[in-house]
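Only this structure's heavy atoms are used, side chains among them; waters, hydrogens and symmetry mates stay out.
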Amino acid sequence: MFRRSLVSSVAVLACSLVLRAQDATPRIWQGIYTTAQAERGKATFNNACLRCHAADLSGVTAPALKGDRFQMTWGGDTVEGLFGKIRDTMPPNFGTVVGDQAKLDVVAFILQTNGYPAGSTELVLDSPDLAASQILKKGEQAAVQNFSLVQTVGCLSRGPDNKWMLTRTADPITARDEKPSTQALASAANRALGTKTFLLLSAKPFEPESHVGHKMEARGLIYNDPGDLRLTLTSLAMAGTCSQ
(Lines give C-alpha, C1' and ligand atoms only; values in the text may rest on other atoms or scores of the structure.)
Protein backbone atom coordinates (compact mmCIF):
# COMPACT_ATOMS: atom_id res chain seq x y z
CA MET A 1 0.00 0.00 0.00
CA PHE A 2 2.82 2.35 0.96
CA ARG A 3 4.67 1.50 -2.27
CA ARG A 4 1.57 2.23 -4.37
CA SER A 5 1.09 5.54 -2.55
CA LEU A 6 4.74 6.44 -3.09
CA VAL A 7 4.52 5.62 -6.80
CA SER A 8 1.39 7.77 -7.09
CA SER A 9 3.09 10.67 -5.32
CA VAL A 10 6.11 10.43 -7.62
CA ALA A 11 3.82 10.37 -10.66
CA VAL A 12 2.00 13.47 -9.44
CA LEU A 13 5.32 15.23 -8.80
CA ALA A 14 6.61 14.27 -12.25
CA CYS A 15 3.44 15.55 -13.85
CA SER A 16 3.81 18.81 -11.92
CA LEU A 17 7.39 19.20 -13.10
CA VAL A 18 6.34 18.56 -16.70
CA LEU A 19 3.61 21.19 -16.43
CA ARG A 20 6.09 23.69 -15.00
CA ALA A 21 8.50 22.97 -17.83
CA GLN A 22 5.72 23.45 -20.34
CA ASP A 23 4.70 26.71 -18.70
CA ALA A 24 8.32 27.93 -18.96
CA THR A 25 8.39 27.36 -22.72
CA PRO A 26 8.09 30.70 -24.56
CA ARG A 27 4.76 31.01 -26.32
CA ILE A 28 6.32 31.12 -29.78
CA TRP A 29 7.77 27.62 -29.21
CA GLN A 30 4.36 26.20 -28.27
CA GLY A 31 2.89 26.65 -31.77
CA ILE A 32 0.96 29.83 -32.63
CA TYR A 33 0.08 29.06 -36.27
CA THR A 34 -0.97 26.00 -38.29
CA THR A 35 0.81 24.15 -41.06
CA ALA A 36 -2.07 24.93 -43.44
CA GLN A 37 -1.74 28.62 -42.64
CA ALA A 38 1.99 28.55 -43.37
CA GLU A 39 1.28 26.88 -46.72
CA ARG A 40 -1.13 29.68 -47.61
CA GLY A 41 1.50 32.16 -46.52
CA LYS A 42 4.09 30.50 -48.75
CA ALA A 43 1.80 30.88 -51.76
CA THR A 44 1.24 34.57 -50.97
CA PHE A 45 4.95 35.08 -50.38
CA ASN A 46 5.83 33.53 -53.74
CA ASN A 47 3.34 35.81 -55.43
CA ALA A 48 4.13 39.10 -53.69
CA CYS A 49 7.46 38.90 -51.84
CA LEU A 50 9.75 36.54 -53.74
CA ARG A 51 11.36 39.11 -56.03
CA CYS A 52 12.84 41.03 -53.10
CA HIS A 53 13.36 38.31 -50.49
CA ALA A 54 14.06 35.22 -52.69
CA ALA A 55 12.16 31.95 -52.66
CA ASP A 56 14.27 30.61 -49.78
CA LEU A 57 13.97 33.92 -47.83
CA SER A 58 17.72 34.52 -48.16
CA GLY A 59 17.16 38.04 -49.53
CA VAL A 60 17.83 39.68 -52.90
CA THR A 61 17.28 43.44 -52.83
CA ALA A 62 15.68 43.17 -49.39
CA PRO A 63 17.04 41.63 -46.17
CA ALA A 64 16.96 37.91 -45.46
CA LEU A 65 13.97 36.71 -43.47
CA LYS A 66 15.64 33.66 -41.98
CA GLY A 67 18.65 32.65 -39.96
CA ASP A 68 21.05 35.02 -38.26
CA ARG A 69 19.88 38.09 -40.16
CA PHE A 70 16.28 37.45 -39.12
CA GLN A 71 17.27 36.97 -35.49
CA MET A 72 19.49 40.04 -35.54
CA THR A 73 16.62 42.18 -36.83
CA TRP A 74 13.65 40.64 -35.03
CA GLY A 75 15.06 38.70 -32.09
CA GLY A 76 13.41 39.84 -28.86
CA ASP A 77 10.64 41.65 -30.70
CA THR A 78 7.06 40.40 -30.74
CA VAL A 79 5.29 38.66 -33.60
CA GLU A 80 3.04 41.71 -33.60
CA GLY A 81 6.04 43.90 -34.44
CA LEU A 82 6.97 41.67 -37.37
CA PHE A 83 3.39 41.61 -38.61
CA GLY A 84 3.09 45.39 -38.28
CA LYS A 85 6.17 45.89 -40.46
CA ILE A 86 4.80 43.58 -43.15
CA ARG A 87 1.28 44.97 -42.90
CA ASP A 88 2.31 48.61 -43.18
CA THR A 89 5.18 48.50 -45.69
CA MET A 90 5.02 45.32 -47.79
CA PRO A 91 5.05 44.76 -50.71
CA PRO A 92 6.51 48.12 -51.76
CA ASN A 93 5.14 49.79 -54.90
CA PHE A 94 4.54 46.71 -57.02
CA GLY A 95 0.81 47.22 -57.43
CA THR A 96 0.14 43.97 -55.58
CA VAL A 97 -2.71 44.17 -53.09
CA VAL A 98 -2.45 41.75 -50.17
CA GLY A 99 -4.99 41.70 -47.35
CA ASP A 100 -4.03 41.85 -43.69
CA GLN A 101 -4.96 38.23 -42.95
CA ALA A 102 -2.97 37.06 -45.96
CA LYS A 103 0.01 39.02 -44.65
CA LEU A 104 -0.45 37.28 -41.32
CA ASP A 105 -0.29 33.99 -43.21
CA VAL A 106 3.07 35.18 -44.58
CA VAL A 107 4.20 35.71 -40.98
CA ALA A 108 3.28 32.08 -40.29
CA PHE A 109 5.40 31.00 -43.27
CA ILE A 110 8.36 33.06 -42.03
CA LEU A 111 8.06 31.50 -38.57
CA GLN A 112 7.88 28.02 -40.10
CA THR A 113 10.99 28.69 -42.23
CA ASN A 114 12.85 29.76 -39.08
CA GLY A 115 12.01 26.51 -37.30
CA TYR A 116 9.21 27.66 -35.02
CA PRO A 117 6.71 24.80 -34.62
CA ALA A 118 3.14 24.76 -35.88
CA GLY A 119 0.24 24.34 -33.49
CA SER A 120 -3.46 23.58 -33.72
CA THR A 121 -4.78 27.16 -33.91
CA GLU A 122 -4.31 29.68 -36.70
CA LEU A 123 -2.83 33.10 -36.04
CA VAL A 124 -5.61 35.65 -36.61
CA LEU A 125 -5.76 39.44 -36.57
CA ASP A 126 -7.10 39.81 -33.02
CA SER A 127 -5.04 36.98 -31.53
CA PRO A 128 -3.44 37.73 -28.15
CA ASP A 129 -0.47 35.71 -29.40
CA LEU A 130 0.55 38.63 -31.61
CA ALA A 131 1.57 40.74 -28.62
CA ALA A 132 2.37 37.89 -26.23
CA SER A 133 4.81 35.96 -28.44
CA GLN A 134 8.41 37.12 -28.50
CA ILE A 135 10.73 35.96 -31.27
CA LEU A 136 13.29 33.96 -29.31
CA LYS A 137 15.86 31.34 -30.26
CA LYS A 138 15.40 27.78 -29.08
CA GLY A 139 16.13 27.59 -25.36
CA GLU A 140 16.24 31.37 -24.98
CA GLN A 141 14.06 32.98 -22.33
CA ALA A 142 12.52 36.43 -22.52
CA ALA A 143 14.54 39.06 -20.68
CA VAL A 144 13.49 42.67 -20.11
CA GLN A 145 16.21 45.11 -19.10
CA ASN A 146 15.56 48.03 -16.76
CA PHE A 147 14.78 51.30 -18.57
CA SER A 148 13.86 49.47 -21.78
CA LEU A 149 10.62 50.20 -23.63
CA VAL A 150 7.97 47.59 -22.87
CA GLN A 151 4.29 46.86 -23.39
CA THR A 152 1.84 45.10 -21.10
CA VAL A 153 -1.81 44.96 -20.04
CA GLY A 154 -3.34 45.38 -16.60
CA CYS A 155 -6.13 46.92 -14.56
CA LEU A 156 -5.97 50.61 -13.72
CA SER A 157 -6.64 51.65 -10.13
CA ARG A 158 -5.85 54.47 -7.72
CA GLY A 159 -3.37 53.47 -5.05
CA PRO A 160 -2.13 55.00 -1.80
CA ASP A 161 -1.47 58.77 -1.85
CA ASN A 162 -3.53 59.02 -5.06
CA LYS A 163 -0.82 57.26 -7.05
CA TRP A 164 -1.87 55.37 -10.16
CA MET A 165 -1.33 51.63 -10.23
CA LEU A 166 -1.62 48.92 -12.86
CA THR A 167 -2.72 45.73 -11.11
CA ARG A 168 -3.11 42.17 -12.41
CA THR A 169 -0.43 43.10 -14.92
CA ALA A 170 0.85 40.60 -17.50
CA ASP A 171 4.58 40.01 -17.81
CA PRO A 172 5.98 42.98 -19.76
CA ILE A 173 7.38 42.38 -23.24
CA THR A 174 9.87 44.57 -25.07
CA ALA A 175 8.33 46.97 -27.58
CA ARG A 176 9.56 49.03 -30.52
CA ASP A 177 6.82 51.64 -30.65
CA GLU A 178 5.93 54.08 -27.88
CA LYS A 179 2.26 53.95 -28.86
CA PRO A 180 0.11 50.96 -29.91
CA SER A 181 -1.38 50.56 -33.35
CA THR A 182 -5.07 49.80 -33.78
CA GLN A 183 -4.11 46.17 -34.32
CA ALA A 184 -2.02 46.15 -31.15
CA LEU A 185 -4.99 47.35 -29.11
CA ALA A 186 -7.16 44.65 -30.63
CA SER A 187 -4.73 41.93 -29.58
CA ALA A 188 -4.27 43.56 -26.15
CA ALA A 189 -8.01 43.21 -25.55
CA ASN A 190 -7.61 39.43 -25.74
CA ARG A 191 -4.33 39.16 -23.88
CA ALA A 192 -4.54 37.47 -20.50
CA LEU A 193 -3.99 39.47 -17.34
CA GLY A 194 -1.25 38.55 -14.88
CA THR A 195 -0.24 38.91 -11.24
CA LYS A 196 2.15 41.86 -11.07
CA THR A 197 1.42 45.39 -9.80
CA PHE A 198 3.20 48.41 -11.28
CA LEU A 199 3.36 51.99 -10.10
CA LEU A 200 2.60 54.23 -13.08
CA LEU A 201 4.64 57.38 -13.52
CA SER A 202 3.66 60.28 -15.80
CA ALA A 203 0.06 59.02 -15.94
CA LYS A 204 -1.72 62.37 -15.77
CA PRO A 205 -1.55 63.23 -19.53
CA PHE A 206 -3.51 60.05 -20.26
CA GLU A 207 -6.54 61.09 -18.13
CA PRO A 208 -6.47 58.03 -15.86
CA GLU A 209 -9.49 59.25 -13.87
CA SER A 210 -11.77 58.19 -16.71
CA HIS A 211 -10.32 54.66 -16.88
CA VAL A 212 -10.45 53.36 -13.30
CA GLY A 213 -11.31 49.66 -13.42
CA HIS A 214 -10.54 49.36 -17.13
CA LYS A 215 -8.14 46.95 -18.75
CA MET A 216 -5.36 49.11 -20.18
CA GLU A 217 -2.61 48.57 -22.73
CA ALA A 218 0.38 50.34 -21.19
CA ARG A 219 3.75 51.17 -22.73
CA GLY A 220 6.73 52.87 -21.20
CA LEU A 221 10.17 52.58 -19.65
CA ILE A 222 10.34 49.83 -17.07
CA TYR A 223 12.04 49.69 -13.71
CA ASN A 224 11.76 46.15 -12.37
CA ASP A 225 13.27 45.27 -9.01
CA PRO A 226 11.75 43.02 -6.34
CA GLY A 227 9.17 45.07 -4.46
CA ASP A 228 9.65 48.08 -6.75
CA LEU A 229 7.95 47.81 -10.13
CA ARG A 230 7.47 51.05 -12.05
CA LEU A 231 6.49 52.08 -15.54
CA THR A 232 7.17 55.58 -16.86
CA LEU A 233 4.39 55.81 -19.40
CA THR A 234 4.64 56.70 -23.06
CA SER A 235 1.12 55.39 -23.75
CA LEU A 236 -1.94 54.27 -21.78
CA ALA A 237 -4.95 53.13 -23.82
CA MET A 238 -8.15 51.33 -22.92
CA ALA A 239 -8.32 47.69 -24.04
CA GLY A 240 -11.42 46.46 -22.17
CA THR A 241 -12.77 46.06 -18.65
CA CYS A 242 -11.43 44.24 -15.60
CA SER A 243 -14.68 42.84 -14.26
CA GLN A 244 -13.69 39.23 -15.01
Side-chain angles (χ1 to χ4, degrees), residues 22-23 25-92 94 96-142 151 153 170-171 173-177 180-192:
Q22 289 174 341
D23 289 343
T25 302
R27 182 69 186 100
I28 197 167
W29 286 101
Q30 297 176 29
I32 63 172
Y33 67 92
T34 66
T35 300
Q37 182 176 23
E39 286 301 311
R40 295 199 308 269
K42 180 178 181 179
T44 300
F45 181 92
N46 287 339
N47 182 55
C49 314
L50 181 149
R51 73 181 76 188
C52 292
H53 293 284
D56 63 354
L57 281 69
S58 61
V60 182
T61 59
L65 294 173
K66 68 175 185 179
D68 291 341
R69 178 58 188 268
F70 177 77
Q71 289 294 338
M72 182 177 66
T73 304
W74 295 103
D77 206 334
T78 62
V79 173
E80 183 174 71
L82 173 61
F83 170 59
K85 176 68 173 180
I86 294 172
R87 180 197 62 215
D88 296 340
T89 66
M90 301 294 158
F94 289 141
T96 304
V97 177
V98 181
D100 287 353
Q101 184 59 53
K103 290 183 178 181
L104 200 50
D105 294 345
V106 171
V107 170
F109 172 55
I110 293 172
L111 294 179
Q112 182 188 62
T113 302
N114 282 278
Y116 295 104
S120 58
T121 304
E122 289 200 354
L123 196 58
V124 294
L125 294 175
D126 61 352
S127 172
D129 284 330
L130 287 172
S133 300
Q134 278 185 282
I135 298 171
L136 302 169
K137 293 181 180 179
K138 186 69 172 179
E140 184 181 10
Q141 293 294 321
Q151 61 179 14
V153 294
D171 288 336
I173 295 175
T174 55
R176 289 194 175 209
D177 301 318
S181 64
T182 301
Q183 184 61 54
L185 282 179
S187 61
N190 294 316
R191 187 177 173 189

In residues 125-136, what donor-acceptor pairs under 3.5 Å come from side-chain atoms, sequence neighbours left out?
unit_1	atom_1	unit_2	atom_2	d
S127	OG	D129	N	3.0
D129	OD1	R27	NE	2.9
D129	OD2	R27	NH2	3.2
S133	OG	D129	O	2.9
Q134	NE2	G76	O	2.8
Q134	NE2	T174	OG1	3.2

Which atom pair, heavy atoms only, marks the closest approach of [X] to [Y]?
X: A170; Y: A192; answer: CB-O, 3.5 Å
X: V98; Y: K103; answer: O-CE, 3.4 Å
X: S58; Y: A64; answer: O-CB, 3.3 Å
X: T34; Y: S120; answer: CG2-C, 3.7 Å
X: P91; Y: A48; answer: CB-O, 3.5 Å
X: I173; Y: R191; answer: CD1-NH2, 3.5 Å

Salt bridge (charged side-chain N to carboxylate O under 4.0 Å, His left out) pairs, two or more places apart, involving residues 73-90: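 For residues 73-90, and leaving out neighbouring residues, the salt bridge (charged side-chain N to carboxylate O under 4.0 Å, His left out) pairs sorted by first residue read D77-R176, E80-R219.
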side-chain contact (heavy atoms from CB on, under 4.5 Å), paired with Q37, selected from Q112, K42, Q101: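 Only match with Q37 under side-chain contact (heavy atoms from CB on, under 4.5 Å): Q101.
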From [atom1] ([X]) to [atom2] ([Y]), nearest 0.5 Å:
X: T121; Y: Q30; atom1: OG1; atom2: CD; result: 11.5 Å
X: D100; Y: F83; atom1: CG; atom2: CZ; result: 5.0 Å
X: C49; Y: I86; atom1: SG; atom2: CD1; result: 7.0 Å

Expected output: side-chain N114 to main-chain I110 donor-acceptor under 3.5 Å: yes
H53 side chain to P63 backbone, donor-acceptor under 3.5 Å: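 Yes; judged by distance alone, with no hydrogens or angles, the pair exists.
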Pair listing, ring-ring contact (aromatic ring centres under 6.0 Å, His included) test, anchored in residues 100-131, at least two apart: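 Qualifying pairs: W29-Y116, F45-F109.
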Derivation of the side-chain contact (heavy atoms from CB on, under 4.5 Å) call for Q71 and D68: CA-CA 5 Å; Q71 289 294 338; D68 291 341; 5.6 Å; no
